[in-house]
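Hydrogens, waters and symmetry mates play no part in the numbers below; they use all other heavy atoms, side chains included. Sequence lines set the chain letters: A, B, ... in the order given, protein chains first and strands last, and positions in each chain run from 1. Note that the structure is predicted; figures quoted are calculated from it, not measured.
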2 protein chains.
Amino acid sequence: MRQEKRERHTKILTALSGASSVRVAELARQFGVSTETIRRDFDELTRGGQLSRTYGGAVRMLDPGHHGEVERQSLLLAERQRIAKATVDEVADARILLIGCGATAVQVARQVAARLKDITVVTHSFAVAAAVGVNHLVEVMMIPGLYHPAKASTTGGHAIVFLQSLYADYVILGASGVTQDGPGDTLPEIAAVNTAMMSRAARCVIAADQSKFNLSSSTRYADWPQVSTFVTDAAPPAELRKTLESNRVKLLVA
Amino acid sequence: MRQEKRERHTKILTALSGASSVRVAELARQFGVSTETIRRDFDELTRGGQLSRTYGGAVRMLDPGHHGEVERQSLLLAERQRIAKATVDEVADARILLIGCGATAVQVARQVAARLKDITVVTHSFAVAAAVGVNHLVEVMMIPGLYHPAKASTTGGHAIVFLQSLYADYVILGASGVTQDGPGDTLPEIAAVNTAMMSRAARCVIAADQSKFNLSSSTRYADWPQVSTFVTDAAPPAELRKTLESNRVKLLVA
DNA sequence: TGAAAATTGTGGAAATTCCAACAATTGCAT
DNA sequence: ATGCAATTGTTGGAATTTCCACAATTTTCA
């Protein structure tokens, strides 16, 4: 009965898709074969790259393709990562950190998770919370509010009221547009939360790539005097740079 | 040095994101602690839903929405959908609706998005918020709190305090176990939020499939007298049914 | 500061797994 | 039918893990 082996193999794989791990003894009992047989099955499937052994059992092989997360975040990813690294350098001494929403903020969150510890991150972005959450040495506090589907973050009165009652060392915000008037967001609801965040942090770091320079179709959520640091990936236009200087905003080009 | 434990925990999780499995002895050697300590770490992380044990080691917990779980969920998907439909029928007149977390709750959320309007949904689950959020006629309110990676939902004191200040017509909760004592959840943090939710709603609907019957390895978050309706997909065992009756819990078998 | 609680280490017995060599069985081709 | 190759079972000892109770240490808090 050569067929029985194949059958066992598929049964093993099936069992493995229902549970995160299986045990030699368990399967031997279940299939009515000896543990050695199961062991040999495992060896074979391991050679075939379908599973990987553990002491006493086996687990599903992790897809070599899905290994690192699929970064389909377009060409700007490298720039955003550079910006994020520089941003986190800037706030490395924080104990309480406010982070806004947006693609850049998520990159910052990844950096925070990878490099910081003993810190509390407060955010209204689902993506940021999830990104920081992988590090269990970092406490992630979610801000309440109305769910905003387009941004997957919370907004509105509850969010703002909640923010009134806390303090942070830094706030890190992205922007959908950066002009001489200040950073802004296309969505007024988000802008309002950003403003509230800024009022609760000792220092404010704005992170935005060069594509945001002089995009004004947005609601300004802060004035430059309130901003401590502006992190970007290319030298800003002359007028903008001048404005930053005159408002004593620290400029970081990553 | 209490910090060292948390540090170990994250290191374990980190190691687990790089490899499909880790071993007790290996980590003990690597961290310079005894195997018993690692074992205890595993126990704790298991309780927290972060990993699952194997003989001699541990593997990453299949988080909801991931590969293996998807397959197992698809087996129960039809049942969950039936349960969800019946549940939403039951609460169709709600204006403010509390929804908990878990796979069943997400199905309920989908039904709510598909069929209800002019209603406010309050939840602490990211997945539920996202599911309901597709319908722009439904307001989704997110509960604040500490982010719980395993469940992708918020927990802790902030969540509970927030709940104290609101009122809802119904609360819909899933359960990881349903016994004669009442519904329960494996994670104490989640159970605490569920309890808080129940105290704020006029009526309480518990939705759980038959696989949850008489699973007691969990923290009970409510007593039957507090429950208005129990929705499931098969007739419960006799004793459980009797308990429901004597507590005047409406039983719906979808 | 002192007591209670939490964390970690230790030691030994019991259970489990691993490994390798060998025997038994089965399928299949000649 | 015979023989070969593949598959599976068995066995025994070595290695590993688990479990439990208890001690040592550290942390917390009144």
Taking [atom1] from [X] and [atom2] from [N], how many angstroms apart are they, rounded to a whole number?
X       : N      : atom1 : atom2 : answer
B:Lys5  : D:dT25 : NZ    : C1'   : 15 Å
A:Phe42 : D:dT8  : CZ    : P     : 14 Å
B:Ile38 : C:dG9  : CD1   : P     : 9 Å
B:Asp41 : C:dT8  : CG    : C1'   : 10 Å
B:Arg6  : C:dT8  : CZ    : C1'   : 18 Å
B:Glu36 : D:dT25 : CD    : P     : 18 Å
A:Phe31 : D:dG9  : CZ    : C1'   : 17 Å
B:Asp43 : C:dT8  : CG    : P     : 13 Å

**Request:** Between B:Ala25 and A:Val33, just flag the one whose closest nucleotide in DNA chain D comes earlier from the 5' side.
**Result:** A:Val33
Measure from the side-chain heavy atoms of [X] and tell me the nearest of [options].
X       : options               : result
B:Ser34 : D:dT10, D:dC20, C:dG9 : C:dG9
A:Tyr55 : D:dT8, C:dG11, D:dT17 : D:dT17
B:Arg23 : D:dT16, C:dG9, C:dT16 : D:dT16
A:Arg40 : C:dT17, C:dA21, C:dG9 : C:dA21

**Prompt:** Looking at B:Arg53, B:Arg8, B:Lys5, B:Arg6, which hits salt bridge (Lys or Arg N to Asp or Glu O under 4.0 Å) with B:Glu44?
**Reply:**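 Considering B:Arg53, B:Arg8, B:Lys5, B:Arg6, a salt bridge (Lys or Arg N to Asp or Glu O under 4.0 Å) with B:Glu44 is found only for B:Lys5.
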**Ring-ring centroid check B:Phe162 A:His158, cutoff 6.0 Å** = yes
**Prompt:** Would A:Tyr147 and A:Phe126 count as a close aromatic pair, with their ring centres under 6.0 Å?
**Reply:** yes
**Request:** Might you work through the side chain to side chain contact (heavy atoms under 4.5 Å, CB included) test for A:Ile172 and A:Leu98, ending with a clear yes or no?
**Result:** CA-CA 6 Å; A:Ile172 301 175; A:Leu98 272 166; over 6 Å; no
